[in-house]
Amino acid sequence: MSLRRFPFALTLRAVAGLLCLTTAFHARADNVTDGPNVLLGGGVERMPAWMGSSEHRNQAVPYIQAELPWHITLSTLDGLTVDLIHGQQWRGGLYGNYLWGRDHDELGAPLAGVVDSLSPRLNGGGYLEYQATVQLNLGATLSHDTQGAGAYLNVYADYDLPALGYIEHSLQLQWQGMNGPAMRRFFGVTPGQAAKLGVTPWSPGAGSQQVSLEYDAYIPTSVHTGFALALNYTRLLGDAADSPLVRSFGTPNQLTTTLAFVYRL
């Protein structure tokens, strides 16, 4: 769903999400009118061609991480958040993200022209996060398509690993669930499509969609610059993994790799 923390905000999803530098931005400013803290950059991401695909593609991706006044964060990692709760341990508020779809070329043969292409969508909702320890954050997001019936629940844990010299790195474990319309949008196969593909029709319901583990590292090259590396392994679950699209034309095992160069303003 993040980019990459959220549905193939591949994103990941998925842009599939640039997932890096999380350790550097857990602290929030005490003064809501403090000036912005902004990082900009770009890189290359190798991602599955579509959610459940066994083929990969390389895509140039932007990187933005902006901590703005009034507890607003804009990020290509985690979308847009507006804190309404901003205590020492608890944070929460409004959440929005951009969910990428799939086009004709990404589907490839024999799916292109048979399986529906999916346009990108905005989704919005809320989030809640708890800082259990200095190193460990636990959180959840709940969102709904702004144009469509899809709904997404993400539960995650971020853990900051001990620094290796100047290298900051972390692990994230995430589970994601979808409602029926979202599952059918990505993994459903209509009777007409099934007949053309030679598979069984598939109309999945709500439930677990994926679990993922990612490793993020930031390698500084100067006071203002550095490289961000992200390795994300995702395993599709339940009706998503059992979809004929995945079983016959893809794989439930999804690997995304991202390398970006970033600059701190």
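Along the sequence shown, the residues carry numbers beginning at 1.
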Q: Is it possible for you to say whether Met183 and Leu153 belong to one hydrophobic cluster, with membership spreading through side-chain heavy-atom contacts below 4.5 Å?
A: no
Q: Rounded to the nearest 0.5 Å, what separation is found between the CG atom of Asn154 and the CH2 atom of Trp175?
A: 8.0 Å
Q: Kindly indicate whether the side chain of Leu171, heavy atoms from C-beta on, has any atom under 4.5 Å from the side chain of Glu214.
A: no
Q: For the side chain of His86 and the backbone of Trp70, is there at least one donor-acceptor N/O pair under 3.5 Å apart?
A: no
Q: Roughly how far, to the nearest 0.5 Å, is the OH atom of Tyr127 from the CG atom of Asn97?
A: 13.5 Å
Q: Shared ILVMFWY cluster between Tyr159 and Leu213, side chains joined below 4.5 angstrom?
A: no
Q: To the nearest 0.5 angstrom, please state how far the CG atom of Leu236 sits from the OG atom of Ser208.
A: 11.5 Å
Q: Indicate yes or no: at least one non-hydrogen side-chain atom of Trp50 is less than 4.5 angstrom from one of Leu111.
A: yes
Q: Would you indicate whether Gln89, at its atom CD, is surrounded by more than 12 heavy atoms from other residues, nucleotides or ligands within a distance under 6.0 Å?
A: yes
Q: Once rounded to the nearest 0.5 Å, what's the spacing between atom OG1 of Thr256 and atom CD of Glu45?
A: 6.0 Å
Q: Kindly say whether Pro204 contributes a backbone atom to a donor-acceptor pair with the side chain of Arg184 at under 3.5 angstrom?
A: yes
Q: Are Tyr215 and His169 close enough that their ring centers fall under 6.0 Å?
A: yes
Q: Membership question, hydrophobic clusters at under 4.5 Å side-chain separation (ILVMFWY): are Val155 and Tyr152 in the same one?
A: no
Q: For Val114 and Lys196, work out which heavy atoms get closest and say how close.
A: CG1-CB, 4.1 Å
Q: Backbone N or O of Thr76 within a donor-acceptor pair of the Gln65 side chain at under 3.5 Å?
A: no
Q: Taking Ala206's backbone N and O only, do any of them form a donor-acceptor pair with Gln209's side chain (distance below 3.5 Å, no angle check)?
A: no
Q: Side chains of Thr81 and Leu94: closer than 4.5 Å at any heavy-atom pair?
A: no
Q: Is there side-chain contact between Arg235 and Gln254, with heavy atoms separated by less than 4.5 Å?
A: no
Q: Can a donor-acceptor pair be found, under 3.5 Å and without considering hydrogens, that links the side chain of Trp202 to the backbone of Asp239?
A: yes
Q: Within the 4.5 Å heavy-atom criterion, are Thr257 and Leu231 side-chain neighbours or not?
A: yes
Q: What do the steps show when you test Gln210 against Gln174 for side chain to side chain contact (heavy atoms under 4.5 Å, CB included), and what is the final call?
A: CA-CA 8 Å; Gln210 68 178 41; Gln174 177 187 291; 4.1 Å; yes
Q: Apply side-chain hydrogen bond (donor to acceptor under 3.5 Å, both in side chains) to Tyr156 and Glu129, showing your working.
A: CA-CA 9 Å; Tyr156 59 89; Glu129 187 170 282; 2.7 Å; yes
Q: If you apply the rule side chain to side chain contact (heavy atoms under 4.5 Å, CB included), what do you find for Val38 with Ile64, and how did you get there?
A: CA-CA 7 Å; Val38 179; Ile64 301 171; 5.6 Å; no
Q: Which atoms form the tightest heavy-atom contact between Arg102 and Arg185, and what is the distance?
A: NH2-O, 3.7 Å
Q: In the single-linkage hydrophobic clustering (I, L, V, M, F, W, Y; side-chain heavy atoms under 4.5 Å), do Val211 and Met47 co-cluster?
A: no
Q: Out of curiosity, does Ile219 fall in the hydrophobic cluster containing Leu164 (side-chain heavy atoms, cut-off under 4.5 Å, transitive links)?
A: yes
Q: Please list all pairs passing the salt bridge (Lys or Arg N to Asp or Glu O under 4.0 Å) test where one or both residues lie in residues 245-258, with sequence neighbours left out.
A: none
Q: Checking Thr146 side chain against Leu122 main chain: does a donor-acceptor pair fall under 3.5 Å?
A: yes
Q: Any donor-acceptor pair under 3.5 Å linking the side chain of Asp145 with the backbone of Gly150?
A: yes
Q: Within the 4.5 Å heavy-atom criterion, are Val189 and Leu245 side-chain neighbours or not?
A: yes
Q: Inspect the contact between Arg91 and Asp83 and indicate whether a charged nitrogen and a carboxylate oxygen are less than 4.0 angstrom apart.
A: no
Q: Does a side-chain heavy-atom distance below 4.5 Å link Leu229 with Asp216?
A: no
Q: Hey, what do you get for CG (Leu128) to CH2 (Trp90), rounding to the nearest 0.5 Å?
A: 5.0 Å
Q: How long is the gap from OG on Ser119 to CD on Gln147, to the nearest 0.5 Å?
A: 8.0 Å
Q: Applying side chain to side chain contact (heavy atoms under 4.5 Å, CB included) to Leu118 and Asp103, what does each step give before you reach the verdict?
A: CA-CA 6 Å; Leu118 302 177; Asp103 62 27; over 6 Å; no
Q: Strictly distance-based, threshold 3.5 Å: is any side-chain N or O of Asp158 a donor or acceptor partner for the main-chain N or O of Gln172?
A: no
Q: For the side chain of Asn179 and the backbone of Ala151, is there at least one donor-acceptor N/O pair under 3.5 Å apart?
A: yes
Q: Could you pull out the closest heavy-atom pair between Tyr95 and Ser143, with the gap in Å?
A: CE2-CB, 3.9 Å
Q: Which heavy-atom pair separates Pro252 from Ala241 by the least distance, and what is that distance?
A: CB-CB, 4.2 Å
Q: Could you check whether any side-chain heavy atom of Asn123 comes within less than 4.5 Å of a side-chain heavy atom of Tyr98, counting everything from C-beta outward?
A: no
Q: Taking all atoms of both residues into account, what is the closest heavy-atom pair of Ser170 and Asp160, and its distance?
A: CB-OD1, 3.8 Å
Q: Give the intermediate values and the outcome of side chain to side chain contact (heavy atoms under 4.5 Å, CB included) for residues Leu255 and Asn253.
A: CA-CA 7 Å; Leu255 182 64; Asn253 300 302; over 6 Å; no
Q: Do Arg264 side-chain atoms and Thr225 backbone N/O form a donor-acceptor pair below 3.5 Å?
A: no
Q: Give the minimum heavy-atom separation between Ala240 and Val246, together with the two atoms involved.
A: O-CG2, 3.4 Å
